[in-house]
**Student:** 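Input: one structure, supplied below.
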There are 2 protein chains.
Amino acid sequence: MSDPTQFSDTLSRSEFLAGISKHEHTNILGRGKRIKLNKGKILFREGDPAIRIYIVLKGRLKLYKLHEQGKEAIIRYINCDELTAAIAVFKNKAYPVTAETVGEVEVIGWDKATMHKLMLEYAPIAINMLNAAISRIDDLQTRYLELCTEQVEQRVGRSLLRIMKQSGRKTKDGILIDFKLSRQDLADYTGTTLFTVSRILSNWEKTGWIKSGRERITITDPHALVSFSELG
Amino acid sequence: MSDPTQFSDTLSRSEFLAGISKHEHTNILGRGKRIKLNKGKILFREGDPAIRIYIVLKGRLKLYKLHEQGKEAIIRYINCDELTAAIAVFKNKAYPVTAETVGEVEVIGWDKATMHKLMLEYAPIAINMLNAAISRIDDLQTRYLELCTEQVEQRVGRSLLRIMKQSGRKTKDGILIDFKLSRQDLADYTGTTLFTVSRILSNWEKTGWIKSGRERITITDPHALVSFSELG
DNA sequence: CGACGCATTGACAGGGCTCAATTTAAGTGG
DNA sequence: CCACTTAAATTGAGCCCTGTCAATGCGTCG
(Lines give C-alpha, C1' and ligand atoms only; values in the text may rest on other atoms or scores of the structure.)
Protein backbone atom coordinates (compact mmCIF):
# COMPACT_ATOMS: atom_id res chain seq x y z
CA MET A 1 0.00 0.00 0.00
CA SER A 2 1.79 3.10 -1.26
CA ASP A 3 1.90 6.36 0.62
CA PRO A 4 -0.74 8.51 -1.02
CA THR A 5 0.96 11.75 -0.13
CA GLN A 6 3.94 10.92 -2.34
CA PHE A 7 3.40 12.33 -5.79
CA SER A 8 4.80 10.47 -8.76
CA ASP A 9 4.99 11.35 -12.42
CA THR A 10 5.53 9.53 -15.66
CA LEU A 11 8.02 10.95 -18.19
CA SER A 12 9.33 14.36 -17.31
CA ARG A 13 11.58 16.48 -19.50
CA SER A 14 14.68 15.32 -17.68
CA GLU A 15 13.69 11.68 -18.08
CA PHE A 16 13.08 12.32 -21.75
CA LEU A 17 16.67 13.54 -22.09
CA ALA A 18 18.25 10.97 -19.79
CA GLY A 19 21.43 9.40 -21.13
CA ILE A 20 22.21 12.39 -23.34
CA SER A 21 24.94 14.87 -22.51
CA LYS A 22 23.82 18.28 -21.27
CA HIS A 23 25.12 20.38 -24.15
CA GLU A 24 23.04 18.38 -26.62
CA HIS A 25 19.84 19.24 -24.79
CA THR A 26 19.50 22.72 -26.26
CA ASN A 27 20.05 21.28 -29.72
CA ILE A 28 17.30 18.72 -29.27
CA LEU A 29 14.83 21.12 -27.68
CA GLY A 30 15.77 23.82 -30.18
CA ARG A 31 14.80 21.63 -33.10
CA GLY A 32 11.24 21.60 -31.80
CA LYS A 33 8.66 24.28 -32.34
CA ARG A 34 7.40 26.40 -29.45
CA ILE A 35 3.63 26.78 -29.33
CA LYS A 36 1.38 28.85 -27.09
CA LEU A 37 -2.27 27.92 -26.68
CA ASN A 38 -5.04 29.52 -24.75
CA LYS A 39 -7.75 27.97 -22.64
CA GLY A 40 -9.91 25.21 -24.12
CA LYS A 41 -7.91 24.96 -27.34
CA ILE A 42 -7.45 21.58 -29.01
CA LEU A 43 -3.77 20.76 -29.47
CA PHE A 44 -4.45 17.77 -31.67
CA ARG A 45 -7.41 15.55 -32.32
CA GLU A 46 -8.12 12.03 -33.55
CA GLY A 47 -6.60 11.57 -36.98
CA ASP A 48 -4.55 14.76 -36.95
CA PRO A 49 -1.49 14.04 -39.11
CA ALA A 50 0.62 17.09 -38.19
CA ILE A 51 3.14 17.34 -35.37
CA ARG A 52 3.83 14.31 -33.28
CA ILE A 53 5.57 14.70 -29.96
CA TYR A 54 4.96 17.39 -27.37
CA ILE A 55 6.44 18.41 -24.07
CA VAL A 56 4.23 20.56 -21.88
CA LEU A 57 6.23 23.55 -20.66
CA LYS A 58 3.40 25.31 -18.89
CA GLY A 59 -0.14 24.35 -17.96
CA ARG A 60 -1.91 21.07 -18.40
CA LEU A 61 -3.49 18.96 -21.15
CA LYS A 62 -6.53 16.72 -20.98
CA LEU A 63 -6.29 13.62 -23.16
CA TYR A 64 -9.56 12.02 -24.08
CA LYS A 65 -11.18 9.78 -26.57
CA LEU A 66 -14.59 10.48 -28.06
CA HIS A 67 -17.18 7.82 -28.60
CA GLU A 68 -19.64 7.85 -31.47
CA GLN A 69 -22.62 8.78 -29.31
CA GLY A 70 -20.90 11.86 -27.96
CA LYS A 71 -19.73 10.27 -24.75
CA GLU A 72 -16.09 10.64 -23.86
CA ALA A 73 -13.53 8.79 -21.79
CA ILE A 74 -10.70 10.73 -20.23
CA ILE A 75 -7.46 8.89 -20.76
CA ARG A 76 -5.27 11.01 -18.55
CA TYR A 77 -4.05 14.47 -17.72
CA ILE A 78 -0.66 15.60 -18.98
CA ASN A 79 0.99 17.88 -16.47
CA CYS A 80 3.64 20.51 -16.84
CA ASP A 81 7.02 19.05 -17.83
CA GLU A 82 5.45 15.83 -19.12
CA LEU A 83 5.38 14.43 -22.59
CA THR A 84 2.70 13.22 -24.94
CA ALA A 85 2.53 11.98 -28.51
CA ALA A 86 -0.01 12.82 -31.19
CA ILE A 87 0.66 9.92 -33.47
CA ALA A 88 2.58 6.71 -34.05
CA VAL A 89 6.19 7.52 -34.77
CA PHE A 90 6.68 5.34 -37.78
CA LYS A 91 3.38 4.13 -39.10
CA ASN A 92 1.11 6.56 -40.85
CA LYS A 93 -1.64 5.75 -38.46
CA ALA A 94 -3.12 8.45 -36.28
CA TYR A 95 -2.82 8.10 -32.56
CA PRO A 96 -6.52 8.24 -31.95
CA VAL A 97 -6.92 10.61 -29.07
CA THR A 98 -7.70 14.27 -28.60
CA ALA A 99 -5.68 16.69 -26.47
CA GLU A 100 -7.36 19.75 -25.07
CA THR A 101 -5.78 22.46 -22.98
CA VAL A 102 -6.81 23.05 -19.39
CA GLY A 103 -6.04 26.74 -18.88
CA GLU A 104 -3.13 28.47 -20.61
CA VAL A 105 -0.63 26.07 -22.10
CA GLU A 106 2.79 26.24 -23.71
CA VAL A 107 4.42 23.27 -25.41
CA ILE A 108 7.38 22.26 -27.56
CA GLY A 109 6.43 20.06 -30.49
CA TRP A 110 8.45 18.04 -32.98
CA ASP A 111 7.09 16.79 -36.28
CA LYS A 112 7.48 13.24 -37.44
CA ALA A 113 10.55 13.70 -39.63
CA THR A 114 12.47 15.71 -37.05
CA MET A 115 11.66 13.34 -34.21
CA HIS A 116 12.58 10.35 -36.29
CA LYS A 117 15.97 11.86 -37.14
CA LEU A 118 16.52 12.76 -33.51
CA MET A 119 15.76 9.23 -32.39
CA LEU A 120 18.16 7.72 -34.89
CA GLU A 121 20.81 10.21 -33.85
CA TYR A 122 20.20 9.85 -30.11
CA ALA A 123 19.11 6.30 -29.30
CA PRO A 124 18.39 7.23 -25.65
CA ILE A 125 15.48 9.38 -26.79
CA ALA A 126 13.73 6.39 -28.31
CA ILE A 127 14.56 4.29 -25.26
CA ASN A 128 13.24 6.92 -22.88
CA MET A 129 10.07 7.31 -24.86
CA LEU A 130 9.68 3.55 -24.90
CA ASN A 131 9.87 3.60 -21.13
CA ALA A 132 7.24 6.28 -20.96
CA ALA A 133 5.03 4.30 -23.31
CA ILE A 134 5.41 1.22 -21.15
CA SER A 135 4.42 3.22 -18.09
CA ARG A 136 1.30 4.33 -19.90
CA ILE A 137 0.52 0.75 -20.88
CA ASP A 138 0.92 -0.25 -17.27
CA ASP A 139 -1.41 2.52 -16.15
CA LEU A 140 -4.02 1.64 -18.74
CA GLN A 141 -3.89 -2.06 -17.98
CA THR A 142 -4.35 -1.38 -14.31
CA ARG A 143 -7.32 0.86 -14.95
CA TYR A 144 -8.72 -1.64 -17.41
CA LEU A 145 -8.58 -4.34 -14.78
CA GLU A 146 -10.23 -2.06 -12.25
CA LEU A 147 -12.98 -1.24 -14.70
CA CYS A 148 -13.53 -4.96 -15.29
CA THR A 149 -13.59 -6.11 -11.72
CA GLU A 150 -14.52 -3.31 -9.35
CA GLN A 151 -17.71 -1.55 -8.37
CA VAL A 152 -18.17 2.09 -9.18
CA GLU A 153 -17.52 3.53 -5.74
CA GLN A 154 -14.18 1.79 -5.48
CA ARG A 155 -13.21 2.92 -8.96
CA VAL A 156 -14.08 6.51 -8.21
CA GLY A 157 -11.84 6.23 -5.17
CA ARG A 158 -8.92 4.91 -7.15
CA SER A 159 -9.43 7.46 -9.90
CA LEU A 160 -9.48 10.31 -7.47
CA LEU A 161 -6.33 9.02 -5.81
CA ARG A 162 -4.61 8.60 -9.16
CA ILE A 163 -5.41 12.15 -10.19
CA MET A 164 -4.33 13.33 -6.77
CA LYS A 165 -0.95 11.64 -7.11
CA GLN A 166 -0.42 13.12 -10.54
CA SER A 167 -1.75 16.60 -9.92
CA GLY A 168 -2.34 17.10 -6.21
CA ARG A 169 -0.99 19.94 -4.11
CA LYS A 170 -0.70 19.93 -0.35
CA THR A 171 -2.70 22.56 1.52
CA LYS A 172 -3.60 22.99 5.17
CA ASP A 173 -6.91 21.16 4.64
CA GLY A 174 -5.44 18.21 2.80
CA ILE A 175 -4.44 17.52 -0.77
CA LEU A 176 -6.09 19.76 -3.31
CA ILE A 177 -6.57 18.85 -6.96
CA ASP A 178 -5.51 22.21 -8.22
CA PHE A 179 -7.40 22.46 -11.47
CA LYS A 180 -11.03 22.48 -12.58
CA LEU A 181 -12.30 18.96 -12.21
CA SER A 182 -16.06 18.62 -12.53
CA ARG A 183 -18.19 15.66 -11.52
CA GLN A 184 -18.60 15.00 -15.22
CA ASP A 185 -14.81 14.90 -15.73
CA LEU A 186 -14.38 12.44 -12.91
CA ALA A 187 -17.23 10.35 -14.32
CA ASP A 188 -15.61 10.30 -17.76
CA TYR A 189 -12.33 9.31 -16.18
CA THR A 190 -13.90 6.52 -14.13
CA GLY A 191 -16.44 5.23 -16.61
CA THR A 192 -19.64 6.18 -14.83
CA THR A 193 -22.13 9.05 -14.76
CA LEU A 194 -21.95 12.44 -13.09
CA PHE A 195 -24.98 11.53 -10.96
CA THR A 196 -23.29 8.55 -9.42
CA VAL A 197 -20.11 10.53 -8.82
CA SER A 198 -22.11 13.28 -7.17
CA ARG A 199 -23.80 10.86 -4.81
CA ILE A 200 -20.52 9.19 -3.90
CA LEU A 201 -18.72 12.46 -3.25
CA SER A 202 -21.61 13.62 -1.08
CA ASN A 203 -21.24 10.53 1.06
CA TRP A 204 -17.49 10.93 1.36
CA GLU A 205 -17.98 14.53 2.37
CA LYS A 206 -20.26 13.36 5.18
CA THR A 207 -17.70 10.85 6.42
CA GLY A 208 -15.02 13.56 6.26
CA TRP A 209 -12.74 12.01 3.66
CA ILE A 210 -12.99 14.92 1.26
CA LYS A 211 -14.12 18.50 0.93
CA SER A 212 -15.57 19.55 -2.36
CA GLY A 213 -16.96 22.56 -4.12
CA ARG A 214 -17.82 23.45 -7.68
CA GLU A 215 -15.15 21.78 -9.82
CA ARG A 216 -12.84 21.61 -6.82
CA ILE A 217 -11.97 18.62 -4.67
CA THR A 218 -9.70 18.40 -1.63
CA ILE A 219 -8.86 15.02 -0.18
CA THR A 220 -8.77 15.54 3.57
CA ASP A 221 -8.19 11.92 4.56
CA PRO A 222 -6.15 10.21 1.82
CA HIS A 223 -5.33 7.20 3.93
CA ALA A 224 -8.97 6.40 4.59
CA LEU A 225 -9.66 6.72 0.89
CA VAL A 226 -6.75 4.44 0.02
CA SER A 227 -7.78 1.69 2.35
CA PHE A 228 -11.35 1.90 1.14
CA SER A 229 -10.33 1.80 -2.51
CA GLU A 230 -7.87 -1.02 -2.13
CA LEU A 231 -9.95 -3.26 0.08
CA GLY A 232 -13.22 -2.71 -1.72
CA MET B 1 -15.71 0.62 -41.05
CA SER B 2 -12.83 -1.76 -41.71
CA ASP B 3 -13.10 -5.03 -43.57
CA PRO B 4 -13.30 -7.68 -40.87
CA THR B 5 -11.82 -10.38 -43.05
CA GLN B 6 -8.50 -8.55 -43.24
CA PHE B 7 -6.23 -9.73 -40.47
CA SER B 8 -3.81 -7.30 -38.96
CA ASP B 9 -1.04 -7.75 -36.46
CA THR B 10 0.94 -5.55 -34.18
CA LEU B 11 4.70 -5.96 -34.12
CA SER B 12 5.98 -8.97 -36.01
CA ARG B 13 9.56 -10.14 -36.08
CA SER B 14 10.25 -8.37 -39.35
CA GLU B 15 8.79 -5.13 -38.00
CA PHE B 16 10.94 -5.51 -34.92
CA LEU B 17 14.01 -5.63 -37.16
CA ALA B 18 12.88 -2.98 -39.65
CA GLY B 19 15.56 -0.45 -40.57
CA ILE B 20 18.40 -2.83 -39.75
CA SER B 21 20.47 -4.52 -42.46
CA LYS B 22 19.82 -8.24 -43.00
CA HIS B 23 23.21 -9.55 -41.94
CA GLU B 24 22.81 -7.95 -38.51
CA HIS B 25 19.61 -9.87 -37.85
CA THR B 26 21.30 -13.14 -36.90
CA ASN B 27 23.56 -11.24 -34.54
CA ILE B 28 20.62 -9.60 -32.80
CA LEU B 29 18.52 -12.75 -32.60
CA GLY B 30 21.58 -14.80 -31.64
CA ARG B 31 22.20 -12.66 -28.59
CA GLY B 32 18.84 -13.76 -27.21
CA LYS B 33 18.13 -16.99 -25.42
CA ARG B 34 15.94 -19.65 -27.00
CA ILE B 35 13.33 -21.12 -24.66
CA LYS B 36 10.85 -23.96 -25.09
CA LEU B 37 7.79 -24.15 -22.89
CA ASN B 38 5.01 -26.66 -22.68
CA LYS B 39 1.31 -26.13 -22.31
CA GLY B 40 -0.01 -23.97 -19.49
CA LYS B 41 3.43 -22.82 -18.35
CA ILE B 42 3.91 -19.33 -17.02
CA LEU B 43 6.56 -17.44 -18.99
CA PHE B 44 6.69 -14.54 -16.59
CA ARG B 45 4.42 -13.19 -13.92
CA GLU B 46 3.76 -9.92 -12.13
CA GLY B 47 6.95 -8.66 -10.57
CA ASP B 48 9.26 -11.14 -12.29
CA PRO B 49 12.64 -9.40 -12.61
CA ALA B 50 14.38 -11.82 -15.00
CA ILE B 51 14.32 -11.65 -18.79
CA ARG B 52 12.57 -8.76 -20.43
CA ILE B 53 11.72 -8.99 -24.10
CA TYR B 54 10.36 -11.99 -25.93
CA ILE B 55 9.52 -12.89 -29.50
CA VAL B 56 7.14 -15.81 -29.92
CA LEU B 57 8.58 -18.22 -32.47
CA LYS B 58 5.91 -20.84 -32.15
CA GLY B 59 2.55 -21.04 -30.39
CA ARG B 60 0.67 -18.35 -28.53
CA LEU B 61 0.78 -16.51 -25.21
CA LYS B 62 -2.07 -15.25 -23.08
CA LEU B 63 -1.34 -12.00 -21.26
CA TYR B 64 -3.48 -11.30 -18.24
CA LYS B 65 -3.64 -9.36 -15.06
CA LEU B 66 -4.88 -10.81 -11.81
CA HIS B 67 -7.08 -8.93 -9.42
CA GLU B 68 -6.93 -9.34 -5.65
CA GLN B 69 -10.16 -11.30 -5.45
CA GLY B 70 -8.97 -13.89 -7.93
CA LYS B 71 -10.70 -12.40 -10.93
CA GLU B 72 -8.63 -11.82 -14.01
CA ALA B 73 -8.69 -9.56 -17.03
CA ILE B 74 -7.17 -10.77 -20.24
CA ILE B 75 -5.04 -8.07 -21.75
CA ARG B 76 -4.38 -9.71 -25.10
CA TYR B 77 -3.11 -12.75 -26.89
CA ILE B 78 0.42 -12.75 -28.30
CA ASN B 79 0.57 -14.72 -31.52
CA CYS B 80 3.40 -16.45 -33.28
CA ASP B 81 6.00 -13.99 -34.58
CA GLU B 82 4.86 -11.25 -32.25
CA LEU B 83 6.70 -9.56 -29.45
CA THR B 84 6.01 -8.89 -25.80
CA ALA B 85 7.89 -7.38 -22.88
CA ALA B 86 8.08 -8.60 -19.32
CA ILE B 87 9.25 -5.40 -17.74
CA ALA B 88 10.10 -1.75 -18.23
CA VAL B 89 13.33 -1.48 -20.18
CA PHE B 90 15.05 1.05 -18.02
CA LYS B 91 13.28 1.45 -14.74
CA ASN B 92 13.52 -1.28 -12.19
CA LYS B 93 9.81 -1.56 -12.07
CA ALA B 94 8.09 -4.77 -13.04
CA TYR B 95 5.69 -4.74 -15.94
CA PRO B 96 2.77 -6.03 -13.96
CA VAL B 97 1.25 -8.69 -16.08
CA THR B 98 1.43 -12.45 -16.34
CA ALA B 99 2.11 -14.40 -19.52
CA GLU B 100 0.87 -17.95 -19.82
CA THR B 101 1.38 -20.30 -22.73
CA VAL B 102 -1.54 -21.53 -24.82
CA GLY B 103 -0.32 -24.88 -26.11
CA GLU B 104 3.34 -25.54 -26.93
CA VAL B 105 5.40 -22.39 -27.18
CA GLU B 106 8.88 -21.42 -28.24
CA VAL B 107 10.34 -17.96 -27.70
CA ILE B 108 13.53 -15.96 -27.93
CA GLY B 109 14.19 -13.80 -24.87
CA TRP B 110 16.67 -11.05 -24.12
CA ASP B 111 17.52 -9.88 -20.64
CA LYS B 112 17.55 -6.25 -19.64
CA ALA B 113 21.26 -5.57 -20.08
CA THR B 114 21.48 -7.23 -23.47
CA MET B 115 18.41 -5.52 -24.81
CA HIS B 116 19.57 -2.17 -23.56
CA LYS B 117 22.91 -2.58 -25.29
CA LEU B 118 21.17 -3.68 -28.47
CA MET B 119 18.91 -0.66 -28.44
CA LEU B 120 21.82 1.73 -27.98
CA GLU B 121 23.68 0.00 -30.78
CA TYR B 122 20.70 -0.24 -33.11
CA ALA B 123 18.41 2.73 -32.62
CA PRO B 124 15.77 1.26 -34.96
CA ILE B 125 15.09 -1.49 -32.43
CA ALA B 126 14.04 1.04 -29.83
CA ILE B 127 12.02 2.93 -32.41
CA ASN B 128 10.27 -0.21 -33.58
CA MET B 129 9.47 -1.25 -30.06
CA LEU B 130 8.18 2.22 -29.38
CA ASN B 131 5.83 1.79 -32.30
CA ALA B 132 4.63 -1.52 -30.96
CA ALA B 133 4.10 0.04 -27.54
CA ILE B 134 2.10 2.86 -29.08
CA SER B 135 -0.07 0.32 -30.90
CA ARG B 136 -0.76 -1.39 -27.60
CA ILE B 137 -1.63 1.92 -25.99
CA ASP B 138 -3.99 2.58 -28.84
CA ASP B 139 -5.60 -0.82 -28.43
CA LEU B 140 -5.98 -0.42 -24.69
CA GLN B 141 -7.39 3.08 -24.97
CA THR B 142 -9.93 1.90 -27.48
CA ARG B 143 -10.99 -0.96 -25.27
CA TYR B 144 -11.04 1.31 -22.26
CA LEU B 145 -13.40 3.64 -24.07
CA GLU B 146 -15.61 0.74 -25.09
CA LEU B 147 -15.72 -0.54 -21.55
CA CYS B 148 -16.71 2.92 -20.35
CA THR B 149 -19.40 3.64 -22.85
CA GLU B 150 -20.86 0.48 -24.32
CA GLN B 151 -23.26 -2.20 -23.18
CA VAL B 152 -22.04 -5.73 -22.71
CA GLU B 153 -23.43 -7.23 -25.91
CA GLN B 154 -21.71 -4.65 -28.06
CA ARG B 155 -18.46 -5.12 -26.20
CA VAL B 156 -18.56 -8.89 -26.62
CA GLY B 157 -19.04 -8.27 -30.32
CA ARG B 158 -16.05 -6.00 -30.58
CA SER B 159 -13.92 -8.31 -28.47
CA LEU B 160 -14.75 -11.29 -30.60
CA LEU B 161 -13.96 -9.32 -33.75
CA ARG B 162 -10.68 -8.12 -32.30
CA ILE B 163 -9.60 -11.64 -31.40
CA MET B 164 -10.75 -12.78 -34.82
CA LYS B 165 -8.60 -10.18 -36.55
CA GLN B 166 -5.59 -11.11 -34.47
CA SER B 167 -5.97 -14.86 -34.50
CA GLY B 168 -8.68 -15.86 -36.97
CA ARG B 169 -8.30 -18.40 -39.77
CA LYS B 170 -10.58 -18.66 -42.79
CA THR B 171 -12.47 -21.92 -43.19
CA LYS B 172 -15.37 -22.90 -45.38
CA ASP B 173 -17.88 -22.08 -42.62
CA GLY B 174 -16.45 -18.66 -41.84
CA ILE B 175 -13.59 -17.39 -39.74
CA LEU B 176 -12.48 -19.74 -37.02
CA ILE B 177 -10.71 -18.67 -33.84
CA ASP B 178 -8.18 -21.44 -33.98
CA PHE B 179 -7.33 -21.91 -30.33
CA LYS B 180 -9.18 -22.84 -27.16
CA LEU B 181 -11.27 -19.86 -26.19
CA SER B 182 -13.79 -20.57 -23.46
CA ARG B 183 -16.78 -18.44 -22.50
CA GLN B 184 -14.84 -17.56 -19.38
CA ASP B 185 -11.86 -16.37 -21.44
CA LEU B 186 -14.08 -14.17 -23.57
CA ALA B 187 -15.75 -12.84 -20.43
CA ASP B 188 -12.38 -11.99 -18.88
CA TYR B 189 -11.37 -10.30 -22.09
CA THR B 190 -14.56 -8.26 -22.30
CA GLY B 191 -15.08 -7.49 -18.64
CA THR B 192 -18.25 -9.48 -18.00
CA THR B 193 -19.30 -12.92 -16.76
CA LEU B 194 -19.33 -16.28 -18.53
CA PHE B 195 -23.12 -16.45 -18.08
CA THR B 196 -23.73 -13.28 -19.97
CA VAL B 197 -21.32 -14.33 -22.71
CA SER B 198 -23.06 -17.67 -22.97
CA ARG B 199 -26.47 -16.06 -23.37
CA ILE B 200 -25.18 -13.64 -26.00
CA LEU B 201 -23.44 -16.32 -28.04
CA SER B 202 -26.58 -18.45 -27.92
CA ASN B 203 -28.56 -15.58 -29.41
CA TRP B 204 -26.01 -14.95 -32.13
CA GLU B 205 -26.04 -18.61 -32.97
CA LYS B 206 -29.79 -18.41 -33.45
CA THR B 207 -29.47 -15.41 -35.77
CA GLY B 208 -26.75 -17.22 -37.68
CA TRP B 209 -23.86 -14.86 -37.03
CA ILE B 210 -21.68 -17.48 -35.40
CA LYS B 211 -21.28 -21.19 -34.84
CA SER B 212 -19.87 -22.29 -31.55
CA GLY B 213 -18.89 -25.38 -29.69
CA ARG B 214 -16.93 -26.17 -26.58
CA GLU B 215 -14.10 -23.61 -26.48
CA ARG B 216 -14.47 -23.07 -30.20
CA ILE B 217 -16.06 -20.16 -32.03
CA THR B 218 -16.49 -19.61 -35.76
CA ILE B 219 -17.78 -16.29 -37.02
CA THR B 220 -20.03 -17.12 -39.96
CA ASP B 221 -21.24 -13.60 -40.66
CA PRO B 222 -18.50 -11.13 -39.73
CA HIS B 223 -20.12 -8.22 -41.51
CA ALA B 224 -23.34 -8.54 -39.55
CA LEU B 225 -21.33 -8.68 -36.35
CA VAL B 226 -19.32 -5.62 -37.33
CA SER B 227 -22.33 -3.49 -38.11
CA PHE B 228 -24.00 -4.58 -34.91
CA SER B 229 -20.92 -3.87 -32.80
CA GLU B 230 -20.19 -0.50 -34.37
CA LEU B 231 -23.72 0.82 -34.41
CA GLY B 232 -24.67 -0.40 -30.98
C1' DC C 1 -17.60 -45.50 -20.08
C1' DG C 2 -17.25 -42.53 -16.36
C1' DA C 3 -15.93 -38.23 -14.65
C1' DC C 4 -14.55 -33.81 -14.94
C1' DG C 5 -14.99 -29.38 -16.80
C1' DC C 6 -17.38 -26.37 -19.84
C1' DA C 7 -21.80 -24.58 -21.29
C1' DT C 8 -26.74 -23.61 -20.87
C1' DT C 9 -30.74 -21.88 -18.84
C1' DG C 10 -33.79 -19.95 -15.35
C1' DA C 11 -34.98 -17.15 -11.35
C1' DC C 12 -33.87 -13.33 -8.76
C1' DA C 13 -32.12 -9.12 -7.03
C1' DG C 14 -29.61 -4.96 -6.86
C1' DG C 15 -26.29 -1.58 -8.47
C1' DG C 16 -26.13 2.03 -11.19
C1' DC C 17 -28.12 4.47 -15.26
C1' DT C 18 -31.83 7.57 -16.96
C1' DC C 19 -34.56 11.43 -16.57
C1' DA C 20 -36.64 15.33 -14.30
C1' DA C 21 -36.90 18.90 -10.95
C1' DT C 22 -34.38 21.94 -7.82
C1' DT C 23 -30.70 24.11 -5.62
C1' DT C 24 -26.31 26.22 -5.46
C1' DA C 25 -22.41 28.63 -7.11
C1' DA C 26 -19.81 31.28 -10.42
C1' DG C 27 -19.49 34.74 -13.73
C1' DT C 28 -21.13 39.14 -16.09
C1' DG C 29 -22.67 43.50 -17.02
C1' DG C 30 -25.05 47.52 -15.69
C1' DC D 1 -22.50 45.63 -5.55
C1' DC D 2 -26.50 43.52 -6.94
C1' DA D 3 -29.48 41.37 -10.34
C1' DC D 4 -29.39 38.25 -13.89
C1' DT D 5 -27.70 34.41 -16.53
C1' DT D 6 -25.65 30.21 -17.03
C1' DA D 7 -23.52 25.98 -15.80
C1' DA D 8 -22.56 22.68 -12.18
C1' DA D 9 -24.29 19.92 -8.55
C1' DT D 10 -27.82 17.64 -5.83
C1' DT D 11 -31.52 14.61 -5.03
C1' DG D 12 -35.38 11.47 -5.86
C1' DA D 13 -38.06 7.96 -8.38
C1' DG D 14 -38.16 4.13 -11.41
C1' DC D 15 -36.43 0.52 -13.93
C1' DC D 16 -33.42 -2.28 -16.73
C1' DC D 17 -29.29 -4.58 -17.54
C1' DT D 18 -26.39 -7.75 -15.96
C1' DG D 19 -24.21 -10.13 -12.07
C1' DT D 20 -25.15 -14.00 -8.79
C1' DC D 21 -26.40 -18.54 -7.73
C1' DA D 22 -28.28 -23.11 -8.56
C1' DA D 23 -29.54 -26.90 -11.32
C1' DT D 24 -28.89 -29.41 -15.38
C1' DG D 25 -27.04 -30.74 -19.83
C1' DC D 26 -23.33 -32.14 -22.76
C1' DG D 27 -18.67 -32.83 -24.92
C1' DT D 28 -14.01 -34.71 -24.30
C1' DC D 29 -10.44 -37.13 -22.63
C1' DG D 30 -8.26 -40.46 -19.89
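Fair warning: this is a prediction, and the values are worked out from it, not measured in the lab. Letters A, B, ... mirror the listed sequences (proteins, then strands); counts begin at 1.
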**Student:** Taking the nucleotide of DNA chain C with the nearest heavy atom to each, does A:Arg216 or A:Val152 sit closer to the 5' end?
**Tutor:** A:Val152

**Student:** Taking OP1 and OP2 of C:dC17, is either one under 4.0 Å from a side-chain nitrogen or oxygen of A:Thr193?
**Tutor:**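 Yes, within the criterion.
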
**Student:** Can a side chain N or O of A:Thr196 be found less than 4.0 Å away from OP1 or OP2 on C:dG16?
**Tutor:**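 Looking at the OP1 and OP2 atoms of C:dG16, neither is under 4.0 Å from any side-chain N or O of A:Thr196.
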
**Student:** Is the distance from OP1 or OP2 of D:dT11 to the nearest side-chain N or O of A:Ser202 less than 4.0 Å?
**Tutor:**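 So the side-chain polar atoms of A:Ser202 do come within 4.0 Å of the phosphate oxygens OP1 or OP2 of D:dT11, strictly under.
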
**Student:** Looking only at the side chain of B:Ser212 (C-beta and beyond, no hydrogens), which of the listed nucleotides D:dT10, C:dT18, C:dT8 gets closest?
**Tutor:** C:dT8

**Student:** Taking atom C1' of D:dT18 as reference, at what distance in whole Å does atom CG of B:Leu194 sit?
**Tutor:**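 To the nearest whole Å, that distance equals 13 Å.
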
**Student:** Rounded to the nearest Å, what distance is computed from the CZ atom of residue A:Arg183 to the P atom of nucleotide C:dG16?
**Tutor:**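 So the two atoms are 18 Å apart, to the nearest Å.
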
**Student:** Nearest to the side chain of A:Glu215, heavy atoms from C-beta on, is which of D:dA9, C:dT9, C:dG16?
**Tutor:**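 From the listed options, D:dA9 comes nearest.
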
**Student:** Quick check on DNA chain D: between B:Gln151 and A:Ser198, whose nearest nucleotide comes earlier from the 5' end?
**Tutor:** A:Ser198

**Student:** Hey, are B:Asp185 and B:Ser182 close enough side-chain-wise for a donor-acceptor pair under 3.5 Å?
**Tutor:**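 A pair is found: one side chain offers a donor N or O, the other an acceptor, under 3.5 Å apart.
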
**Student:** Roughly, in whole Å, what's the span from CG in B:Leu181 to C1' in C:dA7?
**Tutor:**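 Going from CG in B:Leu181 over to C1' in C:dA7 covers 13 Å.
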
**Student:** Please report, rounded to the nearest Å, how far the P atom of C:dT8 is from the CG atom of B:Leu201.
**Tutor:** 7 Å

**Student:** Name the closest nucleotide to the A:Lys180 side chain, picking from D:dA9, C:dG27, C:dC17.
**Tutor:** C:dG27

**Student:** Can you give me the closest heavy-atom contact between B:Ile200 and B:Glu153, atom names plus distance?
**Tutor:**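 Heavy atoms only, the tightest pair is CD1-CA, 3.6 Å.
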
**Student:** Rounded to whole angstroms, how far apart are CD1 on B:Ile200 and C1' on D:dG19?
**Tutor:** 12 Å

**Student:** Flag the pair B:Lys58 and B:Glu106 as a salt bridge only when some basic side-chain nitrogen lies within less than 4.0 angstrom of an acidic carboxylate oxygen.
**Tutor:**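 Here B:Lys58 does not pair with B:Glu106 in a salt bridge, since their nearest N and O are not under 4.0 Å apart.
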
**Student:** Consider the side chain of A:Thr192, meaning its heavy atoms from C-beta on, and name the nucleotide among C:dA7, D:dT10, C:dC17 that approaches it most closely.
**Tutor:** C:dC17

**Student:** If you check the A:Arg214 side chain, which of D:dT18, D:dA7, C:dC17 turns out closest?
**Tutor:**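 Per side-chain heavy atoms of A:Arg214, the pick is D:dA7.
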
**Student:** Quick one: does A:Arg199 reach the base of C:dG15 with a side-chain donor-acceptor pair under 3.5 Å?
**Tutor:**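 Between C:dG15 and A:Arg199, which were checked side chain against base, a qualifying N/O pair under 3.5 Å is absent.
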
**Student:** For the pair made of CZ in B:Phe195 and P in C:dC12, what is the distance, rounded to whole Å?
**Tutor:** 17 Å

**Student:** Would you call the rings of B:Phe44 and B:Tyr54 parallel, tilted or perpendicular if under 30° counts as parallel and over 60° as perpendicular?
**Tutor:**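 Aromatic pair B:Phe44/B:Tyr54 classed parallel.
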
**Student:** In whole Å, what is the span from the CG atom of B:Asn203 to the P atom of C:dT8?
**Tutor:** 11 Å

**Student:** Scan side-chain atoms only and decide if A:Ser212 and A:Arg183 contain a donor-acceptor pair under the 3.5 Å cut-off.
**Tutor:** yes

**Student:** Nearest whole angstrom, please: distance from the C1' of D:dC17 to the CD of B:Glu150.
**Tutor:** 15 Å

